[in-house]
Structure formats: structure tokens, C-alpha cells
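Structure, as C-alpha cells:
Owing to the predicted nature of the structure, the values given are computational and were not obtained by experimental measurement.
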Amino acid sequence: MPEASLSPARAFGLVCGDLPAGPLNTIGDVAGVTVGHKTLTAGDLRTGFTAIKPHQGNLFREKLVAAVDVINGFGKSAGLIQVEELGTLETPILLTNTFGVGTGLHALIKRAIAENPEIGRETGTVNPVVMECNDGHLSDIQALALTEADALFALQSTAPHFEQGSVGAGTGMSAFGFKGGIGSASRVFKLDERTFTLGALVLANFGNPGDLILPDGRKPHPKGSGSDPERGSVIIVLATDAPLESRQLKRVARRSGAGLARLGAYYGNGSGDIALAFSTAHKAAHFEERDFISREVLNEDRIDVLFKAAAETTQEAVLNSMISSPAMHGRGRSNRQSLADWLRGGR
């Protein structure tokens, strides 16, 4: 297997687990998956959209098998009920701030209708998926500044290579008292002598100051920060090219919580911790004419390697989100220090 590129965490000697990473060490290692951002940093704004395209075709007509696991449900994400019920994903995924969910929904609905004019008329409606965290500490969330054009920009700019850190939806996020944001990681593994990939992308906005545990056992604490109740959130998106059914994907999504726990998180009362997983192995036709469909599905006794990959990629993706984010001053006198500065000895 090709050697993985050095991730932000690995550049500081922080390695999560022992499964090999993919060549990009991001969710972009899963073929067809792309990510894009739109970032707003004017005035008191520190916000944006991050878009994830699970494949490059028409997702409404060619859906992917998916599942969601709500680790702690203090959140306002949209579209998860139908994913839970039907086990499919039929739009790209948007990540944003809590008050940007409605804007993201409108953008995804209009985009789906433009591609599929029969939506809501000759066929059913569409289930857009928008997931959120609250960036109100650093950003003026009350400004409701994000527009549908911002969401479309993120969707149109997706690529396998993308920025991490304080970008897109991660611009105004915080984690363990440090600056948080967007992070990603991947793992590769073999089943039946075939190579598969699992990638994670996180929107990290959770954890109390002083609770963070690094893989080497150190516990960074940002200067001058207290210990407030856990009111953050984290969104985890897992993608794999392994052929899993929805129930299996839900089990894999649940193991992302192990990655959060390794970092010192305990899913506080006010934290919205949600994981969504999808597989690119098979496409489900919207206008399917057959009564029965045959699909290759993973033997349940071989699923442990995906559990391990979910935990490792989630842990590393969170660290990457923090290390990639420089210190930031935001709305009013708010600020967040950078974990990278702490690791360099500036603590």
C-alpha cells in the first residue's frame, strides 16, 4: 500500500491506532467522495458551509446505503429521520452553524429539483441532509449571514483534496478550549484479499478545557480557560467503499464514539454528537423496476476491522481539525488558542 501523507497530527508524532492510512489520509481516499468549503470571516463572522459529495452522479436517482447514530441528541440537524428509517442518502451532505440549517436545506432542495424536475410532482419529495454545530462563541450567529449561494459555492467547489482546520463550517468552532474545525483521516484494510478504505470527516466543536487526552498521554490545557459545562457538539461523517447494509453502517457509525472517548470526551448533556455513515459500494436506483435486488454484503463476523477504523479515523480527524486551526479572535473579545502552538511549546 502507498505510504500515507503526513497528517497534521502525525507531523507532531501523534499517531492514532495501528491500521495503515490511505495516501491522502482523508475521507477523499474513498473513491468518488469530494469535499468543498465556503468560509465567511468578515467583521464578527467566523462561519461557513462544508459540503460532502458521496459520489459525483445524481444522488437522488442513484442513492447510497447510509445510517445514522445519535450518540447524544442535543442538536438541530435535518434529514436524519428518513436516513434512519429508509437507510439511504439522496443528497450531498452540508455542514454549517446551527442557524444555517434552514438555508442549507433550501439550497439542497433547489439543487435537487434543478437536477430532477419530477421531484414533488411525478415522484416523491427529496430528503436533504444538513448537520450543524453552534459557532456562536467566536461568530455572530444571530446575523444569519449564510446564504444559499454560499451553500452552492461549497457544493460546486468539492474535490478529493481539501483544506482542514478553520475553514467552511469549521471556521468558528472550538474543541477542548482550543480552536476546533474541520478534520479528516482514513484507514485502509483488506477483506477477501481486496483492499477497502474507510474515511472520516469531523466538524469538531466539543469537549471541556483540560479534558483532551493526546495519544501519547499528555493533557493539554489552554491558558486562562476554565471548566464550563459541556455545551459543544461534534458531527462525524464516515464513508467506506466496503459493501455494508444500513444496519451494519449504523454499527460502524456508533464506534466513532470510541474515537471521541479516547480523546477524553464523555458526550455531555448539552453536546450534540451525531455520526452518519455511508457506503459507496452500491447505488440504489430511485426508479427501480425489480421486485428483488441482489447485493454483496459484508459477513458480520468480519466487521471488527471497520469498527477499529471508525475509532482510529475519528480520533485522528479531531486532532487534525485542531492542529490545522491557528489561534483565532472572534466576536467581541472571544478568542481560542491553537493546539499546534501548545504542541510547539508555546503553552
Side-chain angles (χ1 to χ4, degrees), residues 1-5 7 10 15-35 52-59 61-69 83-84 86-90 93 160-161 184-202 236-259 262 275-286 288 290-317:
M1 295 179 185
E3 184 177 351
S5 61
S7 72
R10 292 173 186 229
V15 179
C16 303
D18 54 16
L19 288 175
L24 300 177
N25 199 3
T26 72
I27 199 171
D29 284 322
V30 180
V33 178
T34 55
V35 177
I52 305 167
K53 285 185 180 176
H55 71 62
Q56 301 307 299
N58 188 322
L59 261 170
R61 288 176 173 266
E62 294 183 309
K63 310 177 198 303
L64 294 182
V65 180
V68 62
D69 189 67
V83 174
E84 172 73 15
L86 300 185
T88 56
L89 184 65
E90 60 185 23
I93 300 162
H161 297 261
S184 193
S186 72
R187 296 291 184 270
V188 292
F189 50 91
K190 284 192 172 183
L191 293 165
D192 277 348
E193 299 304 314
R194 296 154 57 188
T195 299
F196 295 97
T197 302
L198 182 143
L201 183 142
V202 304
I236 306 116
V237 178
L238 301 176
T240 185
D241 53 7
L244 275 66
E245 62 181 5
S246 178
R247 181 188 55 77
Q248 293 174 322
L249 284 167
K250 186 177 183 70
R251 297 187 70 204
V252 172
R254 187 173 299 138
R255 268 60 182 190
S256 63
R262 289 178 181 179
L276 185 149
F278 63 85
S279 169
T280 62
H282 301 294
K283 296 180 176 68
H286 180 77
E288 178 60 67
R290 294 171 295 175
D291 292 332
F292 296 95
I293 303 168
S294 298
R295 289 180 184 159
E296 183 182 37
V297 175
L298 178 70
N299 174 354
E300 203 83 16
D301 289 338
R302 305 293 186 268
I303 201 169
D304 277 355
V305 67
L306 284 101
F307 290 170
K308 185 175 183 179
E312 290 187 9
T313 54
T314 300
Q315 181 186 16
E316 185 169 355

Inspect the contact between [Y] and [X] and indicate whether a charged nitrogen and a carboxylate oxygen are less than 4.0 angstrom apart.
X	Y	result
Arg247	Glu300	yes
Lys250	Glu84	yes
Asp18	Lys308	yes

Is a side-chain donor or acceptor of [X] paired with a backbone partner of [Y] at a separation under 3.5 angstrom?
X	Y	result
Gln248	Glu245	yes
Ser279	Asp241	no
Ser246	Ala66	yes
Asp69	Ala275	no
Asn299	Asp301	yes

Nearest non-hydrogen partners of [X] and [Y], listed with the distance:
X	Y	answer
Ala242	Phe196	CA-CD2, 3.6 Å
Leu298	Leu191	CD1-CD1, 3.7 Å
Ser256	Ile236	OG-CD1, 3.8 Å
Gln315	Gly259	CB-O, 3.8 Å
Pro243	Glu296	CB-O, 3.3 Å
Leu19	Val305	CD1-O, 4.0 Å

Roughly how far apart are [X] [atom1] and [Y] [atom2], rounded to 0.5 Å?
X	Y	atom1	atom2	answer
Leu249	Arg254	CG	CZ	12.0 Å
Arg187	Thr240	CZ	OG1	13.5 Å
Thr88	Glu62	OG1	CD	13.5 Å
Leu244	Arg295	CG	CZ	12.0 Å
Ile303	Arg251	CD1	CZ	5.0 Å
Lys190	Asp192	NZ	CG	11.5 Å

Could you check whether any side-chain heavy atom of [X] comes within less than 4.5 Å of a side-chain heavy atom of [Y], counting everything from C-beta outward?
X	Y	value
Leu198	Phe189	yes
Phe307	Val252	yes
Leu276	Ile93	yes
Ile52	Val33	yes

Verdict with reasoning, Ser186 to Val30, per side chain to side chain contact (heavy atoms under 4.5 Å, CB included): CA-CA 8 Å; Ser186 72; Val30 180; over 6 Å; no
Worked check of salt bridge (charged side-chain N to carboxylate O under 4.0 Å, His left out) between Arg10 and Glu316: CA-CA 9 Å; Arg10 292 173 186 229; Glu316 185 169 355; 2.9 Å; yes
Trace of the side chain to side chain contact (heavy atoms under 4.5 Å, CB included) decision for Thr314 with Leu238: CA-CA 9 Å; Thr314 300; Leu238 301 176; 4.2 Å; yes
Verdict with supporting geometry, Leu64 and Thr280, side chain to side chain contact (heavy atoms under 4.5 Å, CB included): CA-CA 6 Å; Leu64 294 182; Thr280 62; 4.1 Å; yes
